[in-house]
2 protein chains.
Amino acid sequence: MNYSIKDISKMLSEKDIRPSHQRIKILEYLLENKQHPTVDMIYNELHEEIPTLSKTTVYNTLSLFNEAKLVRILSIDDNEARYDIDIENHGHFICKKCGDIHDFEINLDSLVKDNLDEFEINEKHIYFNGICPKCKTDIRQSNN
Amino acid sequence: MNYSIKDISKMLSEKDIRPSHQRIKILEYLLENKQHPTVDMIYNELHEEIPTLSKTTVYNTLSLFNEAKLVRILSIDDNEARYDIDIENHGHFICKKCGDIHDFEINLDSLVKDNLDEFEINEKHIYFNGICPKCKTDIRQSNN
DNA sequence: TTATATAAATATAATCATTACAAATATGGA
DNA sequence: TCCATATTTGTAATGATTATATTTATATAA
């Protein structure tokens, strides 16, 4: 919750990314909003305090962060990319009803049965979808 | 390799899908081309024997097949959906160099560590990416 | 400090996969 | 055959993302 500008700048510098105002604010947003936001969510929120902010900058910055392995791009949503500041391998569940994304812990050790030694694996994505507990209850209550 | 029109019609009828000419041809294509084709691949190939075929029909049909659980839509490619006739749970690896998708066997039993009992899970997608063995060799040979 | 080269941000336009829509065509049952 | 309905088709619209050119900010050297 409490990330100083100094801390965030350091995180960027360690990845050889110059800590501009926009980059600091975008990274700060990601650190404080771990609900896997979309570009629009980030843009709309930050646009209030940085009126000159361009959506292109948000795209460029997130792309830069992705290359530096500061964020992961999730393709779990059918029509928008989601961004996750948590780089550790974990699974994602998206609710087809409300769109919320839930993290869950995974154990990749025994997942793959085939031998993939010859493959250079860079990213592992685990996506589940269905209906979340909250929406299951809502459906029962509204009877549809 | 050898699916008769009768067999394919039956597959559709069993899912309450009327076996139109276009639907039969699209399903036949999927059964005989298991390289996880894109809409464009399917359209371009079938357009030759069905000159009036519309790309909208390909989209509509694949969407219908997906709802009937005849195919799965893969979101592993950054800018195009891929379609997989194999409904069994298995993993997919996409090569960032050549775009080829490889299947691999998985064992989902011990994957999830968290308790997801409250969630209604409909689909499980396992996506890896990186460089495939063939492209690793090519890179070494071309030295870049 | 000032000039200058470079990096970053911005606004706008272009791209392109997918979807919406309305019209045309095909099909199965009375 | 006729008709209601399902399917297909062509075209246009949508909307996320990317390309491009211009403007602005920043770091460094003189």
Side-chain angles (χ1 to χ4, degrees), chain A residues 5 8-9 12-13 15-29 36-68 70-83 94 96 99, chain B residues 5 8-9 12-13 15-29 36-44 46-68 70-83 94 96 99 101:
Chain A
I5 291 183
I8 297 170
S9 292
L12 291 170
S13 297
K15 297 283 188 176
D16 290 320
I17 295 173
R18 256 160 60 175
S20 72
H21 183 217
Q22 287 84 342
R23 288 169 177 173
I24 290 171
K25 282 298 171 186
I26 291 170
L27 182 51
E28 183 186 36
Y29 180 91
H36 319 87
T38 65
V39 165
D40 264 41
M41 290 177 196
I42 300 167
Y43 172 77
N44 289 329
E45 182 86 9
L46 293 182
H47 186 68
E48 290 175 23
E49 42 173 330
I50 315 172
T52 63
L53 183 66
S54 161
K55 204 177 273 189
T56 303
T57 299
V58 180
Y59 274 104
N60 288 342
T61 302
L62 290 169
S63 170
L64 186 71
F65 287 0
N66 179 57
E67 280 162 34
L70 271 173
V71 300
R72 295 192 75 181
I73 302 177
L74 309 185
S75 305
I76 195 173
D77 193 321
D78 285 341
N79 66 321
E80 259 178 309
R82 304 292 197 117
Y83 295 84
I94 189 167
K96 288 285 189 181
Chain B
I5 291 184
I8 297 170
S9 292
L12 290 170
S13 298
K15 297 283 189 177
D16 291 320
I17 295 173
R18 256 160 59 175
S20 72
H21 183 218
Q22 287 85 343
R23 288 169 178 173
I24 290 170
K25 282 298 172 184
I26 291 171
L27 182 51
E28 183 185 37
Y29 181 91
H36 319 89
T38 65
V39 164
D40 264 42
M41 291 177 195
I42 300 167
Y43 173 77
N44 288 330
L46 294 183
H47 186 68
E48 290 176 23
E49 41 174 331
I50 315 172
T52 61
L53 184 67
S54 161
K55 204 175 276 189
T56 303
T57 299
V58 180
Y59 275 104
N60 288 343
T61 303
L62 290 169
S63 171
L64 187 70
F65 288 0
N66 178 58
E67 279 162 33
L70 272 172
V71 301
R72 294 192 73 179
I73 302 177
L74 308 185
S75 303
I76 195 173
D77 193 319
D78 285 340
N79 66 320
E80 258 178 310
R82 305 292 197 117
Y83 294 84
I94 190 166
K96 288 285 189 181
I101 293 176

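All chains are named by letter (A, B, ...) in the order of the sequence lines, taking the proteins before the strands, and each is independently numbered beginning at 1.
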Send over the distance from [X] [atom1] to [N] [atom2], rounded to a whole Å.
X	N	atom1	atom2	result
A:Y43	C:dT10	OH	P	9 Å
A:N79	C:dA17	CG	C1'	12 Å
A:N66	D:dT18	CG	C1'	15 Å
A:D77	D:dT17	CG	C1'	14 Å
B:I50	D:dG10	CD1	P	12 Å
B:K25	D:dT8	NZ	C1'	17 Å
A:D78	D:dG15	CG	C1'	14 Å
A:I73	D:dT17	CD1	C1'	11 Å

(message) Looking at B:L74, is its backbone amide N or carbonyl O close enough to the side chain of B:R82 to form a donor-acceptor pair, meaning the two atoms are under 3.5 Å apart?
(response)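 Absent.
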(message) Keeping B:S63 on the side-chain end and B:Y59 on the backbone end, is there a donor-acceptor pair under 3.5 Å?
(response)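 Checking the backbone N and O of B:Y59 against the side chain of B:S63, no donor-acceptor pair under 3.5 Å is found.
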(request) Report the residue (B:R23 or B:P51) whose heavy-atom-nearest nucleotide on DNA chain D is the more 5′ of the two. (result)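 Of the two residues, B:R23 wins.
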(message) Base, sugar-phosphate or nothing for A:N60? Non-hydrogen atoms, less than 4.0 Å.
(response)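 A:N60: base contact, heavy atoms under 4.0 Å.
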The side chain of [X] is closest to which nucleotide in this list: [options]?
X	options	answer
B:E80	C:dT10, D:dT17, C:dA17	C:dA17
B:V39	C:dA11, D:dT7, C:dT18	C:dT18
B:T52	D:dT9, C:dA8, C:dT10	D:dT9

Please tell me if [X] has a side-chain N or O lying less than 4.0 Å from either OP1 or OP2 of [N].
X	N	result
A:T56	D:dT17	no
B:Q22	C:dA26	no
A:T57	C:dT10	yes
B:R18	C:dA26	no
B:Y59	C:dT19	no

(message) Using side-chain heavy atoms (C-beta onward) and a distance below 4.5 Å, is A:Y83 in contact with A:V39?
(response)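 Yes, close enough: below the 4.5 Å cut-off.
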(message) What I'd like to find out is whether the side chain of A:T61 reaches to under 4.5 Å of the side chain of A:I17, using heavy atoms alone.
(response)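 No. Closest side-chain heavy atoms not under 4.5 Å.
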(message) Closest-nucleotide mapping onto DNA chain C: is A:K55 or A:L64 further toward the 5' terminus? I mean the 5' end.
(response)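 Closer to the 5' end of DNA chain C: A:L64.
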(message) Ignoring hydrogens, what is the shortest heavy-atom contact between A:I73 and A:A81? Give both atom names and the distance.
(response)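 That would be CG2-CB, 4.0 Å.
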